[in-house]
Number of protein chains: 4
Amino acid sequence: MPPKSRPATLDVESVTRWRRRAGERPDEILNAALDEFLAKGFDAARMEDIAARAKLSKAGVYLYFDSKLALLQALVDREVKPIAHRATALMRAGHADPIAALRLLATFARGTVADPRLMAVPRLVISIAGRFPEIAERYRLEVVERAIGGLTALIAAGIAKGDFRAVDAGVAARMLAGPLILEALWRHILGGAPLAPDIAATAAAQIDILLNGLRPDARPEPTP
Amino acid sequence: MPPKSRPATLDVESVTRWRRRAGERPDEILNAALDEFLAKGFDAARMEDIAARAKLSKAGVYLYFDSKLALLQALVDREVKPIAHRATALMRAGHADPIAALRLLATFARGTVADPRLMAVPRLVISIAGRFPEIAERYRLEVVERAIGGLTALIAAGIAKGDFRAVDAGVAARMLAGPLILEALWRHILGGAPLAPDIAATAAAQIDILLNGLRPDARPEPTP
Amino acid sequence: MPPKSRPATLDVESVTRWRRRAGERPDEILNAALDEFLAKGFDAARMEDIAARAKLSKAGVYLYFDSKLALLQALVDREVKPIAHRATALMRAGHADPIAALRLLATFARGTVADPRLMAVPRLVISIAGRFPEIAERYRLEVVERAIGGLTALIAAGIAKGDFRAVDAGVAARMLAGPLILEALWRHILGGAPLAPDIAATAAAQIDILLNGLRPDARPEPTP
Amino acid sequence: MPPKSRPATLDVESVTRWRRRAGERPDEILNAALDEFLAKGFDAARMEDIAARAKLSKAGVYLYFDSKLALLQALVDREVKPIAHRATALMRAGHADPIAALRLLATFARGTVADPRLMAVPRLVISIAGRFPEIAERYRLEVVERAIGGLTALIAAGIAKGDFRAVDAGVAARMLAGPLILEALWRHILGGAPLAPDIAATAAAQIDILLNGLRPDARPEPTP
DNA sequence: AATGAATGAGGCTTCATTCAT
DNA sequence: TATGAATGAAGCCTCATTCAT
């Protein structure tokens, strides 16, 4: 997903002046756009700066994208598809052992939240959601709903299997996802230092509380 | 900078409505600005529309606020102070009976999240956070940190009192707050229909899970 | 011409709240306007600042002057009349002894050039001459032409009387006035330190050169 | 900041006129700006009119100059450099025969004063001097001081050489320059008809008076 | 494919001036 | 007489977008 850096080797091709394959350009431009959009916001970002960051002239950008808005849409597009797939796949894989799956997911998600690159598009979507509700909706349906839905299904499976008692699976799912969202918001949008710096420990603590509750007479199962 | 407010005496003259209402104007303008900022985003919002919404000429706004950015800052200012106080007060009130306090808080918070007016400024802050990090930071410190901190303290108090077992109080706090944030994001930013339409039931379910966990052998205490 | 300061004595009148006599206001306003016009230029000067300097509200100025331009015109008016008279009178007085008159005039003029207050309106006129040619013309006719004319007449009288040889009186007049203009321009417009700090000596030297020339075989008459 | 000028080669293509003439544009714009500034004054001049006069869109001007003020500064810059050089060179050339040099200079200067194009920047500088003292200072130091300094040096050289008697060289220099300044002010700023229409005769008269004085017993050397 | 040059549209802000009190 | 409040008109500057090369 990060733009492939040009190889530094001097092979046959590099004898003739390197000609950038057109295929790479759009991605480079999108990356530049993403950076600028995040730093300044969609409206305040200037096409000129995006172009410069992509090492292109202002007019050059228009060879690949029709407008500034098209950049935004393409940006969301580019991220939506693979993520949706991955998320669904991951979720489905865990129906056999819901508890193990939860642990896995929590750690995985915490890692994701820690990676600024992966958080970039979500941040962008959130910042422009008021101005372009359709984009926000698309993202909600394709990414967020799928993620929460998958999580809910996972817990529902656990209930069906008898691993969990009968609770509102949606509520439980949100108790797992919520803290992650909060962490993401806190770090990447509000600019705070990590609330939970020790990812593994925090994930374990969260799962422990989720499984065993806060009751003093609970007999918490230690994280393996 | 705002002109001195007219005296509040109730003499004969004040029966007829003032045509010039200096004292109320700043608030009216801020409300108008909030609406426009939310609908279009900070940059895309036009001072002219804000003025019109406040039933003022474009130049009139500048009698009360120095610039567009000043509007944004005043907007955050206006909400930060009372909220911070309220949050702290509320939290402190609950140290005697942490469990009851949790229930109270959860319901209260769900109500807050459901109110678009109360969510307006948070939405705004989130949308401009990338462009004005200092504003985001201010909001984070004055509002979010205080809220999470209070919640953490509440749970820590419960642990000390023996009502809760010894867990990471911060993690537990975030498991309470996270789902609310998620709900807020979902509804007010991503434009989704409520995930948890039955506020009371959801709050109860959330507290139940938080207290008793998901283990099938838990004996959940019914919500009173 | 400078605004009379309010007397600090506590006489009968000051028992009743001091009421500024309307008659003084216009002058105070004009003074304020002059200051602002000089500091910022006519266009960049703000009515609000002028009002503030005159200790009046913005609207208050309009009770006395119809517009910003009216201020400018009134300003020139106020200075044109007395100066024109004075200059003419002075000039006429010197026809008896042209050489003595020249000496007198030169010293007098150097004193004038040194006084920033007296130079204020000329500066103003020069700065707005391009924008309001009629004002410049008025000033030229009423002040400058009269001054140079008077000087020329004085020298012509000297020629007629046999005190001077037959030269172009206009040229000679300008050789007297020119250095003064140059000094004024240098000091008050270009902001330079005085070219001729020792006014008396300079005036004497100037007259000496004017009378006796630069020829090495001249026998300069010492300044008395 | 101005874009690189197109290469000056004279190939087939350059027969057809360039529609985009980046290289010439800055100068065209400056000329337009000068005209507008002089006609209306710096503040009252509109960028739109300047652009129109330069046959450019409003925005086009900003491709070459950052702001209105930048135009003003560039304008002064453009004139300051060559003038300073020229003035110094001219002055130095005359040390051999100071009297001849004076005659030459006087005629040359009168010619300069008669040319509205050459007077444009001085006029502009004078009109904005109050508002932008740094620009005025720059002009004073680079142009006026140099000119007067050169003239003074010239006369001092004449004194050293024995061509002139020992007078204050600065005073004498100002008696030469002053009338020119006065003429310039009169014509180009106050809008008067030439005081000295016959340039040659006037210059001669001025030099005559300067050399021989007004004494009736002087034996003026005729202008050759 | 790529760009330097150019522009139309539009936004923020300022300010002289007016008006109701 | 005096002013706080308000506004219409205008100007500077920016920027997404286009065009000719």
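Proteins get letters first, then strands, A, B, ... in listed order; numbering begins at 1 in each.
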Is there side-chain contact between B:Q73 and B:F132, with at least one heavy-atom pair below 4.5 Å? no
Taking the nucleotide of DNA chain F with the closest heavy atom to each, which residue, B:G60 or A:F42, is nearer the 5' end? B:G60
pair_partner(F:dT21), Watson-Crick or wobble, both distances < 3.5 Å, evaluates to E:dA2
Shortest non-hydrogen contact from D:Y139 to D:V80? CD1-CG2, 4.0 Å
Rounded to whole angstrom units, what separation is found between the CD atom of C:E24 and the P atom of F:dT1? 14 Å
Using purine N1 to pyrimidine N3 plus N6-O4 or O6-N4 for Watson-Crick, or N1-O2 and O6-N3 for G-U wobble, both under 3.5 Å, which nucleotide pairs with E:dA9? F:dT14
In terms of the nearest nucleotide of DNA chain E, which residue is placed more toward the 5' end: A:K58 or B:A44? A:K58
Mapping C:E48 and D:S57 onto DNA chain E by nearest heavy atom, which one lands closer to the 5' end? D:S57
Between E:dT7, E:dG4, E:dC12, which nucleotide gets closest to the side-chain atoms of D:L63? E:dT7
D:I50 CD1 - F:dC12 P separation (whole Å): 8 Å
Looking at every strand, decide which applies to A:A45 at a 4.0 Å heavy-atom threshold: base, sugar-phosphate, or nothing. sugar-phosphate
Nucleotide nearest D:K68 when distance is taken to its side chain, options E:dG8, F:dC13, E:dC12: F:dC13
Using both distances under 3.5 Å as the test, list the Watson-Crick or G-U wobble partner of E:dT14, or none. F:dA9
C:Y62 has a side chain; which of E:dA16, E:dT14, E:dG10 sits nearest to it? E:dA16
Over how many whole Å does the gap from B:L69 atom CG to E:dG11 atom P extend? 18 Å
Is the closest basic N to carboxylate O distance between D:D43 and C:K40 below 4.0 Å? no
Is the number of heavy atoms from other residues, nucleotides or ligands within 6.0 Å of CG (C:D66) greater than 12? no
Side-chain N,O (B:Y64) to OP1/OP2 (F:dA6) below 4.0 Å: yes
Looking only at heavy atoms, what is the nearest atom pair of D:K68 and D:A45, with distance? NZ-O, 2.8 Å
Between C1' on E:dT3 and NZ on A:K55, what's the gap in Å once rounded to a whole number? 17 Å
Specify the separation, in whole Å, of atom CG of A:L71 and atom C1' of F:dC15. 15 Å
Interatomic distance where CZ belongs to A:R25 and P belongs to E:dA1 [whole Å]: 11 Å
Which comes earlier along DNA chain F counting from the 5' end, the contact point of D:D43 or that of B:L56, where each point is its nearest nucleotide? B:L56
Report the distance from atom CG of B:D49 to atom C1' of E:dC12, rounded to the nearest whole Å. 13 Å
Using whole Å, report how far CZ of A:F65 lies from P of F:dT17. 13 Å
Do C:E79 and C:V125 come close enough that some side-chain heavy atom pair is under 4.5 Å? no
As a test of reading the structure: which of E:dT17, F:dA16, E:dG4 is closest to the side chain of C:M47, going by heavy atoms? E:dT17
